[in-house]
Amino acid sequence: MKIGLAGGIGSGKSYVAARLKLRGITVYDCDSAAKRLMRTSAELRRQLTAVVGPEAYIPRESHESLESFDLNKAALTRFLLASEANAQAINAIVHPAVFADFEQSGCDWMESGIMYESGANRYVDRVIVVTAPEALRIQRIMQRDGISREKALDWIHRQWPQDEVRRRADFEIVNDGQADIDYQLNTILELCNKPF
């Protein structure tokens with residue numbers, strides 16, 4: 001069974017994924033995979049350059065015979081945030097590459113902050129959403145990224161509302177700093193091992 005781990009920014013998905021790793025469960029991280037693929041895939045570089053322009057990548061000298069490139073994150077972010085159409089154009093390139101990579105990874109678990117927005121839910125059988133109160137999410141984001149409360153809220157509001165993701169998910173893990181994560185995981189893993 002393929003299981004998706006969803007939850008908005010600051011909800012604590014990565015913490016739950018780390019708890020799963022301690023149990024010997026490898027969780028495929030869609031965000032890390034997207035960054036890796038944008039850096040290493042010649043096909044993604046070609047497609048992103050066609051959409052964003054030559055500034056999407058910065059050529060660098062290489063000791064190898066082929067020229068290598070660094071992803072220009074600043075240019076990509078500027079393009080992405082300029083309009084919804086731009087964001088959709090990037091997503092239409094990157095998301096399919098990530099999902100294909102997940103299917104070849106051998107992992108049964110996938111972590112995605114935009115599980116439903118991206119269509120990642122189509123590649124898993126069940127979805128677990130990690131939730132946390134908004135005030136706590138804001139605090140976590142501010143501390144982790146060193147950004148203002150307004151910027152943290154902006155990132156939260158760029159994703160689907162937590163209640164909507166909770167409504168669609170099969171299971172919920174409450175990560176409010178009080179609830180026992182391992183107890184919740186044990187209960188859900190037990191349920192996931194039973195036929196639905």
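Just so you know, these numbers come straight off a predicted model, no measurement behind them.
Within the 4.5 Å cutoff, the side chain of D182 has heavy atoms near those of the R23 side chain. Two residues are said to be in side-chain contact when any heavy atoms from C-beta on lie closer than 4.5 Å; L20 and L185 meet this criterion. Taking the side chain as every heavy atom from C-beta outward, V130 and Y15 never approach each other to under 4.5 Å. Side-chain contact between Y28 and S112 is absent, with no heavy-atom pair separated by less than 4.5 Å. Residues F102 and K2 have side chains in contact (heavy-atom distance under 4.5 Å, counting atoms from C-beta outward). Between R45 and L37 there is no side-chain heavy-atom pair separated by less than 4.5 Å. Contact annotation: the side chain of I181 approaches that of I173 to within less than 4.5 Å [non-hydrogen atoms, C-beta and beyond]. For the pair D70 and Y57, the minimum side-chain heavy-atom distance is 4.5 Å or more.
More than 12 heavy atoms of other residues, nucleotides or ligands sit less than 6.0 Å from atom CZ of R144.
Nearest heavy-atom pair, T49 versus P54, reported as atom, atom and distance to 0.1 Å: CG2-CA, 3.8 Å. Between A120 and M110, the shortest heavy-atom contact is CB-SD, 3.6 Å. Nearest heavy-atom pair, R137 versus Q159, reported as atom, atom and distance to 0.1 Å: NH2-OE1, 4.0 Å. Residues M115 and G4 approach most closely at CE-CA, 3.6 Å, considering heavy atoms.
With sequence neighbours left out, S83 forms a side-chain hydrogen bond (donor to acceptor under 3.5 Å, both in side chains) with N86.
Ring geometry, Y116 versus W160: the interplanar angle falls under 30°, so the pair is classed parallel (tilted spans 30 to 60°).
Of the possible polar contacts, one joining the D170 side chain to the V127 backbone as a donor-acceptor pair under 3.5 Å is found. Within the 3.5 Å criterion, the main-chain N or O of A6 finds no donor-acceptor partner in the side chain of K13. Using modelled atom types, one side-chain atom of Q162 and one backbone atom of A132 make a donor-acceptor pair closer than 3.5 Å. A donor-acceptor contact shorter than 3.5 Å is absent between the side chain of N91 and the backbone of V94. Formation of a donor-acceptor pair under 3.5 Å by the S11 side chain with backbone atoms of G8 is found in this model.
No continuous path of ILVMFWY side-chain contacts below 4.5 Å connects L81 to V51, so the two sit in separate hydrophobic clusters. I58 and V52 fall into different hydrophobic clusters, where Ile, Leu, Val, Met, Phe, Trp and Tyr are joined by side-chain heavy atoms under 4.5 Å apart, directly or via other members. Cluster annotation: V174 and I3 are assigned to distinct hydrophobic clusters (Ile/Leu/Val/Met/Phe/Trp/Tyr, side-chain heavy-atom contacts under 4.5 Å, transitive).
The structure places OG of S41 at 7.5 Å from CD of Q47, a figure rounded to the nearest 0.5 Å. Atom CD1 in I93 sits 7.5 Å away from atom CG in L44 (nearest 0.5 Å). The structure places SG of C192 at 9.5 Å from CG of D125, a figure rounded to the nearest 0.5 Å. Taken from OG1 in T40 to NZ in K35, the straight-line distance is 14.0 Å, to the nearest 0.5 Å. Note: W109 CH2 to L5 CG = 7.0 Å, rounded to the nearest 0.5 Å.
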**Item:** Intermediate values then yes/no, side chain to side chain donor-acceptor pair (under 3.5 Å), N72 and R78
**Value:** CA-CA 10 Å; N72 186 346; R78 272 195 308 274; 5.4 Å; no
**Prompt:** Can you list the steps and then say if M38 with L48 is a side chain to side chain contact (heavy atoms under 4.5 Å, CB included)?
**Reply:** CA-CA 8 Å; M38 285 190 289; L48 288 169; 3.8 Å; yes
**Item:** Residues S14, E111; criterion side chain to side chain contact (heavy atoms under 4.5 Å, CB included); working and verdict
**Value:** CA-CA 8 Å; S14 297; E111 174 190 342; 3.3 Å; yes
**Asked** Is there a salt bridge (Lys or Arg N to Asp or Glu O under 4.0 Å) between R46 and E43 once you walk through the steps?
**Response** CA-CA 5 Å; R46 186 190 65 73; E43 179 57 23; 2.5 Å; yes
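In this structure, W155 shares a hydrophobic cluster with I9, I138, I141, M142, I147, L153, I156, the cluster being traced through Ile, Leu, Val, Met, Phe, Trp and Tyr side chains under 4.5 angstrom apart. Annotation for I114: hydrophobic cluster partners, listed by chain and number, are none (ILVMFWY side-chain heavy atoms under 4.5 Å, direct or chained).
Comment: D154 engages R158 in a salt bridge, judged by a side-chain N to carboxylate O separation of less than 4.0 angstrom.
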